[in-house]
Amino acid sequence: MSPFILVLLAATAPAIHGFNVTKILGEHPDFSTFNHYLTVTHLAGEINSRRTITVLAVNNAGMAELLGKHFSLPTLRNVLSLHVLVDYFGAKKLHELTHGSALSSSLFQATGAAPGTSGFVNISDHRAGLVSFSATSDDSTVVAADTSSFVKSLKELPYNVSIVQISKPLSSPEAEAPAAAPAPVNLTNLMNRKGCALFAGLLSSDPDVLKIFDDSAEGGLTVFCPGDAAVKAFTPKFKNLTADGKSSLLLYHGHPVYNSQQMLKDNNGVFLTLATDGGAKRSFNFTVQDDGEKVTLETGVTTAAITSTLIDQDPVAVYQVDKVLQPLELFKPEATDAASAPAPAGHAKKKGKKAAPSPNADSAPDAAPADQVADSNTAAGRSVGVHRWFAAGLAAAVAVAMVS
Ligand SMILES: *[C@@H]1O[C@H](CO)[C@@H](O)[C@H](O)[C@H]1NC(C)=O
Ligand SMILES: *[C@@H]1O[C@H](CO)[C@@H](O)[C@H](O)[C@H]1NC(C)=O
Ligand SMILES: *[C@@H]1O[C@H](CO)[C@@H](O)[C@H](O)[C@H]1NC(C)=O
Ligand SMILES: *[C@@H]1O[C@H](CO)[C@@H](O)[C@H](O)[C@H]1NC(C)=O
Ligand SMILES: *[C@@H]1O[C@H](CO)[C@@H](O)[C@H](O)[C@H]1NC(C)=O
Ligand SMILES: *[C@@H]1O[C@H](CO)[C@@H](O)[C@H](O)[C@H]1NC(C)=O
């Protein structure tokens with residue numbers, strides 16, 4: 001079973017098992033600033049995706065002190081990621097540390113952002129019941145002054161997440177160092193390395209399309225890349241498309257909003273794509289569904305399943321799918337019974353080579369699925385059925401449509 005399926009299985013368990021740090025902290029108005037910055041630095045999502053984690057929260061007064069240093073957002077993210085320990089420390093454990101102290105990795109350290117031996121948090125359980133926290137630094141002289149202490153426990157879900165208040169923000173020279181915004185994900189490079197090399201090759205051969213993907217990645221993007229076997233099987237059909245058709249087909253595999261695995265399940269419904277035209281038609285969409293485990297994408301022609309995750313890091317998620325997504329705007333629903341076979345063949349012959357599918361349904365009404373269905377109303381009963389089913393699916397899905 002792929003890791004993705006495993007994660008989905010875990011996430012399908014009753015909602016009580018998952019946690020949402022934003023929601024938990026939302027019950028504590030005195031932590032609204034800390035909560036806000038966990039969201040804008042995208043740390044909240046990172047926290048929610050983990051288990052066995054401790055959040056050292058700072059109240060609004062403490063955050064005012066930190067914000068007074070006017071860090072850039074990437075630097076603030078590093079400083080705040082010092083406040084997320086990748087181990088579980090409830091109030092009880094904090095007051096019963098073996099040998100009186102423990103060194104815990106923080107998210108700053110665990111994600112490889114911290115240089116040298118910095119990015120750990122030294123927790124000390126002093127005799128008088130005082131528990132102190134300090135960030136380690138390669139420059140050990142600076143740190144002692146920045147010791148913070150345990151105030152109270154805010155929430156404990158053993159051993160998934162513990163949220164405790166500490167008296168003031170932790171910091172270290174390394175965390176405060178000017179940080180560059182994270183380098184944008186190199187999509188083609190990632191796909192090359194993780195099973196979508198052929199699709200990456202198609203993107204690279206169409207610079208305008210690749211630029212649209214790259215530009216979208218900055219503001220939020222979900223890509224569904226067909227695996228190499230799927231692209232290979234599809235090559236004859238791809239070669240048959242016009243240049244515009246090829247571009248549209250590639251763009252059809254991108255959705256201009258970031259969707260984590262959980263969000264895909266929560267947002268079941270119609271997804272617009274990078275190929276969707278701006279007009280009222282909202283063409284080149286597909287429907288995302290899940291059966292609790294498997295997430296599928298239904299185009300009306302193809303039903304593809306997500307098989308693995310290449311990256312899921314706000315603002316970019318890339319999932320591998322087991323089929324090339326064929327939009328209704330470029331392909332006919334496949335006839336599965338013999339009765340409907342003559343209809344598509346006759347249709348193709350009538351159109352001849354010149355009528356190669358166009359990506360733009362507006363300028364080539366012949367290529368629009370509704371017209372095809374009307375053309376072959378009686379002969380292609382199966383095709384009509386598929387189309388109706390798809391329309392019904394859309395209607396049902398529109399209520400929860402993800403059409404942002
Ligand atoms: C977490 O909770 C906040 C506030 O209740 C909500 O806006 C957000 O969508 C939730 N996040 C997830 C991933 O459910
Ligand atoms: C952690 O801090 C305590 C005192 O606060 C100190 O004795 C101990 O050596 C420190 N541990 C590390 C690994 O820095
Ligand atoms: C912690 O997470 C696991 C698996 O996600 C779940 O089974 C368990 O009930 C959770 N514990 C609490 C206290 O939420
Ligand atoms: C992405 O990586 C490839 C090499 O795999 C490189 O040729 C390309 O220039 C990179 N693109 C960007 C935008 O850095
Ligand atoms: C390519 O297009 C021609 C004419 O439209 C058609 O006859 C042929 O079956 C197509 N080939 C594939 C592989 O789709
Ligand atoms: C999806 O695209 C079809 C055209 O293929 C369009 O008729 C329909 O309105 C679109 N659905 C949504 C919800 O935008």
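One-based numbering, in listed order, for ligands and for the atoms of each.
- Contact check for L187 versus L221: side-chain heavy atoms found under the 4.5 Å cut-off.
- Remark: ligand 5 and N240 share an N or O pair separated by less than 3.5 Å (distance only, no angle test).
- Side-chain atoms of S32 and N60, non-hydrogen and from C-beta on, do get closer than 4.5 Å to each other.
- There is a side-chain donor-acceptor pair under 3.5 Å between Q261 and T309.
- Only the side chain of E329 comes within contact range of ligand 6, with a heavy atom under 4.0 Å; no backbone atom does.
- A side-chain donor from one of D277 and S283 sits under 3.5 Å from a side-chain acceptor of the other.
- The side-chain heavy atoms of L310 and Y319, taken from C-beta on, include no pair separated by under 4.5 Å.
- Note that atom 7 (O) of ligand 2 has no protein non-hydrogen atoms nearby, at separations under 4.0 angstrom.
- A donor-acceptor contact closer than 3.5 angstrom links the side chains of S148 and S167.
- For atom 13 (C) of ligand 2, the closest non-hydrogen atom of the protein is L103 CD2, 3.8 Å.
- Atom 11 (N) of ligand 2 has N122 ND2, 2.8 Å as its closest protein atom, hydrogens excluded (heavy atom only).
- Aromatic ring centroids of F331 and F234 lie under 6.0 Å apart.
- Interface of S283 with ligand 6, defined as ligand atoms under 4.0 Å from a residue heavy atom, comprises 2 (O).
- For ligand 6, the atoms sitting less than 4.0 Å from at least one non-hydrogen atom of N285 are 1 (C), 2 (O), 3 (C), 8 (C), 10 (C), 11 (N), 12 (C), 14 (O), numbered in the order shown with element in parentheses.
- Atom numbering of ligand 6 starts at 1 in the shown order; those under 4.0 Å from a heavy atom of R282 are 1 (C), 2 (O), 10 (C), 14 (O).
- For atom 5 (O) of ligand 2, the nearest protein heavy atom (residue, atom name, distance) is S124 OG, 3.2 Å.
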